[in-house]
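Note that ligands are numbered from 1 as they come in the structure, with each ligand's atoms numbered from 1 the same way.
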Amino acid sequence: MALVSIKPMLKIAQRDKYAVAAFNPVDYASMKAMIIAAQECDAPVIIQTSAKTIRYYGHETLFSWFEPLAKMVNVPVALHLDHGKDLDMIKRCIDIGWTSVMIDASDKPFEENLRITKEVVSWADTKGVGVEAEIGEIGGVEEDIVVAEEDAHLANPDEAERFCKEIDLGVFAAAIGTAHGYYHGEPDVQFDLIEEINQRTGTPMALHGGTGLDEETIARCIALGCAKVNISTNLKHVFIDSFVDHKKENPNDYEPLSYLKKQFESLKTLFKDKITEFGGQGKGAQMLKEIN
Ligand code: 13P
């Protein structure tokens with residue numbers, strides 16, 4: 001069975017010191033390109049739907065795309081909810097078949113974040129669904145969630161330790177200086193904080209805001225305990241630019257399928273590059289065997 005929860009997936013990635021790439025699909029073809037890229041790289045992959053994408057297509061449609069694609073391959077594939085803030089949406093993901101969900105209550109006071117996350121974990125546990133939660137607040141723009149620079153703040157390591165002691169998370173999104181969207185200036189990634197949180201919690205960490213981080217920075221974050229790297233903005237740019245570039249290069253082409261083919265291939269190349277950069281290549285079939 002290729003559909004897996006992020007919980008065993010990321011434990012294995014963390015143990016073996018690589019990260020699983022997590023991409024946000026925007027349509028059927030981009031979702032398919034992620035899963036085919038993973039298969040071609042023999043790598044695990046996380047398909048993470050944003051709340052905005054779920055509102056646009058609906059849970060059932062997204063799951064009806066995902067399930068047959070995931071069953072077609074023999075690498076581990078997780079369907080994850082990215083930055084879930086609406087508890088009804090989260091519940092429906094769990095009921096319909098998402099293999100993991102993120103509850104993002106990071107804008108709430110710590111105790112409230114802890115309480116809400118515990119509640120989500122209690123629903124998720126009944127279905128073997130893994131949970132991601134965030135503390136601190138990651139800056140930038142992620143779909144409808146906008147966190148201004150002055151509101152973004154780093155995770156507190158004491159709170160991180162307590163959070164992960166009280167809750168058995170699949171993956172922990174602690175704010176460590178990255179931001180969603182392209183960076184304005186040099187990203188100020190707090191490597192010491194990643195190391196301290198990882199040592200004190202032992203929970204695999206998610207690196208949000210993967211777009212625009214250079215390879216060396218990402219490699220350091222993975223070595224320090226990040227087992228999931230999120231890429232969204234980058235793929236949105238490739239999605240649009242590949243389409244527009246095809247028109248510029250072929251001004252008289254009005255065959256939609258040639259545009260879609262170019263777009264699909266460009267996306268697949270991006271996904272394969274990122275999967276390889278994060279170290280997932282060649283790990284898929286072996287991980288699947290270990291989980292099942
Ligand atoms: P980017 O949009 O910067 O790639 O970040 C994606 C992300 O972290 C989704 O949660």
Please tabulate, one line per pair, the protein N or O atoms found under 3.5 Å from any N or O atom of ligand 1, giving the distance to one decimal.
from, atom 1, to, atom 2, distance (Å)
ligand 1, 2 (O), Thr233, N, 3.0
ligand 1, 2 (O), Thr233, OG1, 2.5
ligand 1, 3 (O), Gly181, N, 3.0
ligand 1, 4 (O), Thr211, N, 3.3
ligand 1, 4 (O), Thr211, OG1, 2.5
ligand 1, 4 (O), Ser232, N, 2.8
ligand 1, 4 (O), Thr233, N, 3.4
ligand 1, 5 (O), Gly209, N, 3.3
ligand 1, 8 (O), His180, NE2, 3.2
ligand 1, 8 (O), His208, ND1, 3.3
ligand 1, 8 (O), Gly209, N, 2.8
ligand 1, 8 (O), Asn230, ND2, 3.4
ligand 1, 10 (O), Asp82, OD1, 3.1
ligand 1, 10 (O), Asp82, OD2, 2.8
ligand 1, 10 (O), His83, NE2, 3.2
ligand 1, 10 (O), His208, ND1, 3.1
ligand 1, 10 (O), Asn230, ND2, 3.3

| request: State, to 0.1 Å, how close Ser5 and Gly130 come at their nearest heavy-atom pair, and which atoms those are. | output: OG-N, 3.4 Å
| said: Assess whether a salt bridge exists between Asp168 and Lys7, defined as any Lys/Arg side-chain N lying under 4.0 Å from an Asp/Glu carboxylate O. | reply: yes
| request: Can you sort out the partners of Tyr259 under ring pair (Phe, Tyr, Trp, His ring centres under 6.0 Å), two or more places apart, ordered by chain and number? | output: Phe243, His246
| query | Under the ring pair (Phe, Tyr, Trp, His ring centres under 6.0 Å) test, which residues partner Phe191, sequence neighbours left out? | reply | none
| request: Report yes or no: is the cationic atom of Lys283 (NZ for Lys, CZ for Arg) closer than 6.0 Å to the six-membered ring centre of Tyr18, at no more than 45° off its axis? | output: yes
| said: Applying side-chain contact (heavy atoms from CB on, under 4.5 Å), can you list everything that pairs with Asn198, at least two apart in sequence or on another chain? | reply: Gln14, Met205
